[in-house]
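Working notes, beginning with the structure itself.
As the structure is a prediction and not an experimental result, all values here were calculated from the model.
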Amino acid sequence: MADTFLGRPITPLTRRRLRNFRANKRGYWSLWIFLGLFFLALFAEFIANDKPLLIGFKGEIHAPVFFTYPETAFGGEFETEADYRDPFVTELIVAAKGWIIWPPIRYSYRTINYDLPVPAPAPPSGENWLGTDDQGRDVVARLIYGFRISVLFGLVLTVFSSIIGVTAGAVQGYFGGWTDLLFQRFIEVWSGLPTLYLLIILASFVEPNFWWLLGIMLIFSWMSLVGVVRAEFLRARNFDYVRAARALGLSDAMIMYRHVLPNAMVASLTFLPFILSGSITTLTALDFLGFGLPPGSPSLGEMLQQGKANLQAPWLGITAFVMLSIMLTLLIFIFEAVRDAFDPRKGAAAGPIVAEGAVAEKTA
């Protein structure tokens, strides 16, 4: 194993954590599977798109996936963007001895297939691998884009809510007294607000979008980590190594970050999968109820809603359900392995384990 990571030396504690993570085979392989799916979803425009990846026309290379070209650029009559699925445009390119490289799926999340042999929603076929929804849009394309939006939404919300929650819990637990008392009363009042009802009410005034939903949910989701972090800081603030660091003149911020926070990491990491999974399921629920992303956006919740409204098309509900089940299961397995990696009780066979706070004190 390399002695450095990202330019920094790997300590024995970090090496033990990496070893514990890899020892959890279920979480280790779940991480690689999830990263593979997420990596593919990040490049959804190159996998499912109604625009070609590259076009060769009269000795010039065009990249419609990156740039917009009018129909006149290929010998057409209109100044508007070329419809590359139109046989007329295809014939213009082929007639000029050009060539077209298409993505594996020739549909974007909003592309409507007007050539369906049966009324929409159409069943799975060679053209639409998982069928279409009730508007004729390809289910595979919407699944790929919807998976990307769900994961990005959950990750961003988890990161920001964890930062706010850990900071608030650390301040409460470390300083205690009136600071802790006032924060607790505020959290009790704030947590009693009906989040779902507020989202529904606000959605009637403002058309929701990705960042609007993220901001509204961030206002409430940060409280899930406050309690456990506060308890860890209350317990650790009177430890001998914390008192010694305070006596040596270290600032409160440095003591909280270098000496006390490592003790709260294990307990905090056990809650991260619940925040991430809860973020994804909340977004799915809002889309299912019609109060989530704008209409037409690729969404797993919207696919579930279509499955409910079109019971004669079971592929809609089954596809969204299977994707959600796989995604949430992989995330839970990954964070179980992360929790084991940060658990100081793991890896005792590799040698004596020094307390997290003591390690931080020695390296301060």
Side-chain angles (χ1 to χ4, degrees), residues 33-56 61-69 81-87 89-90 93 99-118 120-155 209-210 280 283-284 287-288 292-307 310 313-328 330:
I33 295 173
F34 180 81
L35 289 179
L37 294 175
F38 185 49
F39 179 80
L40 292 176
L42 287 177
F43 297 93
E45 287 79 7
F46 299 91
I47 300 174
N49 206 329
D50 56 1
K51 300 178 181 180
L53 301 178
L54 292 173
I55 294 179
I61 304 297
H62 302 272
V65 72
F66 293 110
F67 306 102
T68 301
Y69 301 99
E81 183 179 3
D83 182 5
Y84 302 99
R85 294 181 54 83
D86 188 348
V89 176
T90 304
I93 298 174
W99 46 267
I100 303 176
I101 298 179
W102 285 92
I105 302 172
R106 299 188 182 186
Y107 295 92
S108 182
Y109 66 89
R110 61 181 180 272
T111 308
I112 298 177
N113 186 356
Y114 293 101
D115 300 323
L116 292 174
V118 296
S125 63
E127 180 70 17
N128 303 107
W129 300 342
L130 292 177
T132 67
D133 60 10
D134 56 8
Q135 298 183 35
R137 298 171 299 192
D138 187 74
V139 172
V140 176
R142 293 186 65 79
L143 185 69
I144 295 173
Y145 285 88
F147 174 79
R148 181 174 66 178
I149 287 181
S150 298
V151 175
L152 288 176
F153 184 89
L155 289 176
N209 54 49
F210 181 91
I280 295 174
L283 178 63
T284 303
D287 290 331
F288 179 80
L293 297 173
S297 301
S299 167
L300 300 178
E302 193 261 351
M303 290 181 60
L304 289 174
Q305 196 277 334
Q306 287 210 17
N310 299 277
W315 56 87
L316 295 174
I318 292 175
T319 300
F321 172 77
V322 170
M323 175 54 70
L324 280 171
S325 301
I326 294 175
M327 177 170 51
L328 297 179
L330 291 175

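I144 places a side-chain heavy atom less than 4.5 Å from the side chain of I105. When side chains are defined from C-beta on, N128 counts as touching L116, because their heavy atoms get closer than 4.5 Å. Within the 4.5 Å cutoff, the side chain of L300 has no heavy atoms near those of the D287 side chain.
A side-chain donor-acceptor contact under 3.5 Å links Q306 to the backbone of D134. Remark: the backbone N or O of A122 is paired with a side-chain donor or acceptor of T132 at under 3.5 angstrom.
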Quick one, L37 with V151, criterion side chain to side chain contact (heavy atoms under 4.5 Å, CB included). Give me CA distance, side-chain angles, the key distance, then yes/no.
CA-CA 10 Å; L37 294 175; V151 175; over 6 Å; no
| task | Please lay out, stage by stage, how I326 and I33 fare under the test side chain to side chain contact (heavy atoms under 4.5 Å, CB included). | result | CA-CA 10 Å; I326 294 175; I33 295 173; 5.9 Å; no
(request) Could you walk me through whether W102 and R85 pass side chain to side chain contact (heavy atoms under 4.5 Å, CB included), step by step? (result) CA-CA 10 Å; W102 285 92; R85 294 181 54 83; 4.1 Å; yes
Q | D138 vs W129, side chain to side chain contact (heavy atoms under 4.5 Å, CB included): CA-CA, chis, key distance, verdict | A | CA-CA 8 Å; D138 187 74; W129 300 342; 5.9 Å; no
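Across L293 and N209, no two heavy atoms sit closer than the pair CD2-C, 4.1 Å. Counting all heavy atoms, side chain and backbone alike, P52 lies closest to P64 at O-CD, 3.5 Å. Contact record, G56 with I93: O-CG2, 4.1 Å, taken as the closest heavy-atom pair. Between G136 and A120, the closest heavy-atom pair is N-CB, 3.8 Å. Nearest approach of A48 to P103, heavy atoms of both residues: N-CB, 4.4 Å. Of all non-hydrogen atoms in L152 and F38, the two that sit nearest each other are CD2-CZ, 3.5 Å.
Taking CG of D133 as the start and CD1 of I112 as the end, the distance is 8.5 Å to the nearest 0.5 Å. Note that the CE atom of M323 and the OG1 atom of T284 stand 11.5 Å from one another [nearest 0.5 Å]. In this structure, CD on E45 lies 4.0 Å from CZ on R148, to the nearest 0.5 angstrom. Taking OG of S325 as the start and CD1 of I318 as the end, the distance is 11.5 Å to the nearest 0.5 Å. How far CD1 of I100 is from CG of L54: 11.0 Å, rounded to the nearest 0.5 Å.
Remark: of the listed residues T319, I47, L130, L130 is the sole one forming a side-chain contact (heavy atoms from CB on, under 4.5 Å) with V140.
Side chains of R142 and Y107: a donor-acceptor N/O pair is absent below 3.5 angstrom, by distance only.
Ring pair F46/F43 is tilted by interplanar angle, where 30° to 60° counts as tilted.
Under the ring-ring contact (aromatic ring centres under 6.0 Å, His included) criterion, Y109 pairs with Y145, sequence neighbours left out. Checked against ring-ring contact (aromatic ring centres under 6.0 Å, His included), F288 has no partners two or more places apart in sequence or in another chain.
Within the structure, no pair that satisfies the salt bridge (Lys or Arg N to Asp or Glu O under 4.0 Å) test touches residues 104-118, not counting sequence neighbours.
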